[in-house]
Amino acid sequence: MPGFEIFGDEERKEVQDVLDTGVLFRYGFDQARKGHYKAALFEQELSKRIGSAYSHLCSSGTAALSIALAACGIGAGDEVIVPPFTFIATVEAVLNAGAVPVFAEIDETLCLDPEEIESKLNPRTKAVLPVHMCGSMARIDEIKTLCDQKGLILIEDTCQAVGASYRGKSLGTFGKAGCFSFDPVKTITCGEGGAVVTDDRKVYALADQYADHGHDHIGKDRGLEGHPILGVNYRISELNAAVGVAQLRKLDWILDTQRRNKAAIKDSMSALPGISFRKLPDETGDSATFLSFFLLDEKKARKAVAELASAGVDGCFYWYGNNWHYAKQWEHLHKMNGAARMPVELMANCPDFSKINLPKSDRILGKTISMQIKLSWTDEMMEKRIESIQQVLKG
Ligand SMILES: *Cc1c(COP(=O)(O)O)cnc(C)c1O
């Protein structure tokens with residue numbers, strides 16, 4: 001996930017443009033900014049790259065999720081289906097909207113299993129929020145079909161999968177809205193940043209307003225523009241947007257490099273006994289930020305991940321054993337510890353998250369190891385990595 005590996009003169013130039021004008025705000029100051037609108041430029045280029053009608057760049061991926069939920073009208077009294085394998089931000093955004101996150105199990109794509117969604121539906125279910133984890137896709141066409149049949153809003157958390165696609169269509173563009181993150185460890189970064197993409201003009205307008213205190217950004221004078229709704233400040237600064245403009249232009253090179261590095265490692269592992277790979281509904285659309293593979297069971301996976309680390313194969317993650325990405329490990333969620341007290345009604349509607357029962361996700365994540373794919377690996381490093389992996393996993 002390594003945009004940070006390749007900062008160069010391109011990022012420096014874009015940031016310098018902004019510093020030279022002194023305008024760090026994305027709106028207004030039309031004279032002083034000498035034609036530099038980095039956030040707006042990023043939005044145009046992102047829409048073009050992924051094929052969405054509209055993009056709104058904001059301060060983080062978490063903000064993007066909150067904006068998308070708000071713009072799609074999701075809030076108090078609603079339930080939203082989410083996978084238990086994600087980053088806590090997905091669930092925080094749902095709770096902060098006043099809605100209840102409902103966990104449905106994942107399948108061997110490591111994403112929400114479309115067949116597990118139906119049993120979680122009830123009249124309060126308003127939306128499905130699949131997460132394209134670790135650079136690759138959920139069975140998004142089946143999830144989309146189900147949402148259409150049931151009249152549910154589909155919002156994609158594409159924070160970890162910018163540039164990935166399913167059958168030629170970019171992830172993030174299947175539902176009513178898609179959310180991206182450009183935080184420091186994502187495929188491309190703004191330092192901090194995120195984006196909501198949509199084809200729906202009304203959703204876009206609400207997103208744009210909500211992220212900036214309800215300002216409608218119509219007309220030139222900030223004192224005279226309309227304020228149709230209450231909002232928040234989820235704006236991005238021009239400095240962050242400038243870094244993103246340069247990074248976005250490197251996306252295709254990043255994807256090519258990751259895919260090449262991943263393919264070499266994956267090929268070298270394909271004959272190893274007891275190893276299989278994460279299911280990819282469309283392998284060509286994989287953004288290849290990670291190589292995720294399965295051992296036969298939890299015991300073998302725990303042993304392998306420890307041995308890979310001692311053999312110097314860095315960047316291998318065992319999500320089932322740490323507290324980053326699996327809902328069963330999130331003590332803050334289990335205790336529903338918020339800094340501010342949550343509305344009584346929301347608390348009453350939420351199940352006891354410390355007791356969520358996810359046998360299938362347990363089984364799958366228990367045997368999963370994800371290896372981060374880097375851009376900066378030399379041929380020599382790749383050879384050494386492949387050799388060490390063989391040593392550890394040959395059985
Ligand atoms: C990173 C991430 C987010 C949140 O993005 P931030 O920009 O860090 O707020 C949300 N969902 C997933 C799956 C992520 O990986």
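Index from 1, following the sequence. Model, not experiment: these values are computed from the prediction.
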Yes or no on side chain to side chain donor-acceptor pair (under 3.5 Å) for Ser165 and Ser170, after CA distance, side-chain angles and deciding distance? CA-CA 4 Å; Ser165 59; Ser170 292; over 6 Å; no

So, applying salt bridge (charged side-chain N to carboxylate O under 4.0 Å, His left out) with Asp113, which one of Lys120, Lys279, Arg139 is it? Arg139

Could you pull out the closest heavy-atom pair between Ser370 and Ser292, with the gap in Å? OG-OG, 2.8 Å

Is the shortest distance from a Lys or Arg side-chain nitrogen in Glu45 or Arg49 to a carboxylate oxygen in the other one below 4.0 Å? no

Which pair of non-hydrogen atoms, one from Thr173 and one from Ser52, has the smallest distance, and what is that distance? CG2-CB, 4.3 Å

Arg33 and Glu238 ion-paired at < 4.0 Å: yes

Salt-bridge present (Glu192, Lys186; N to O < 4.0 Å): no

For a quick check under 3.5 Å, do His132 and Asp157 share a side-chain donor-acceptor pair by atom type? no

Carboxylate-amine/guanidinium contact Lys38 Asp17, below 4.0 Å: yes

Salt bridge flag under 4.0 Å for residues Lys250 and Glu11: yes

Taking the six-membered ring for Trp, are His227 and His213 ring centroids under 6.0 Å apart? no

Under a 4.0 Å N-O cut-off, is there an ion pair linking Lys335 with Glu331? yes

Any salt bridge linking Arg235 with Asp212? Criterion: basic side-chain nitrogen under 4.0 Å from a carboxylate oxygen. yes

Taking the six-membered ring for Trp, are Phe353 and Trp330 closer than 6.0 Å centroid to centroid? no

Does any donor atom in the side chain of Asp208 or Tyr54 lie under 3.5 Å from an acceptor atom in the other side chain? no

Strictly below 4.0 Å, N to O, side chains only: are Arg249 and Glu14 in salt-bridge contact? yes

What salt bridge (Lys or Arg N to Asp or Glu O under 4.0 Å) pairs are there with at least one residue in residues 267-276, not counting sequence neighbours? none

Whether the Gln247 and Thr189 side chains hold a donor-acceptor pair (N or O, under 3.5 Å, no angle test) is what I'd like checked. no

May I ask you to establish whether Lys144 and Phe174 are in a cation-pi arrangement, using a distance under 6.0 Å from NZ or CZ to the six-membered ring centre and at most 45° from the ring axis? no

Between Tyr27 and Tyr37, is the ring centroid distance below 6.0 Å? no

Aromatic ring pairing Phe277/Phe293, orientation class (parallel under 30°, perpendicular over 60°, tilted between): perpendicular

Check Lys303 with Glu307, please: is the shortest side-chain N to carboxylate O separation under 4.0 Å? yes

All pairs passing salt bridge (Lys or Arg N to Asp or Glu O under 4.0 Å) where residues 312-325 contributes a residue, at least two apart: Asp314-Arg385

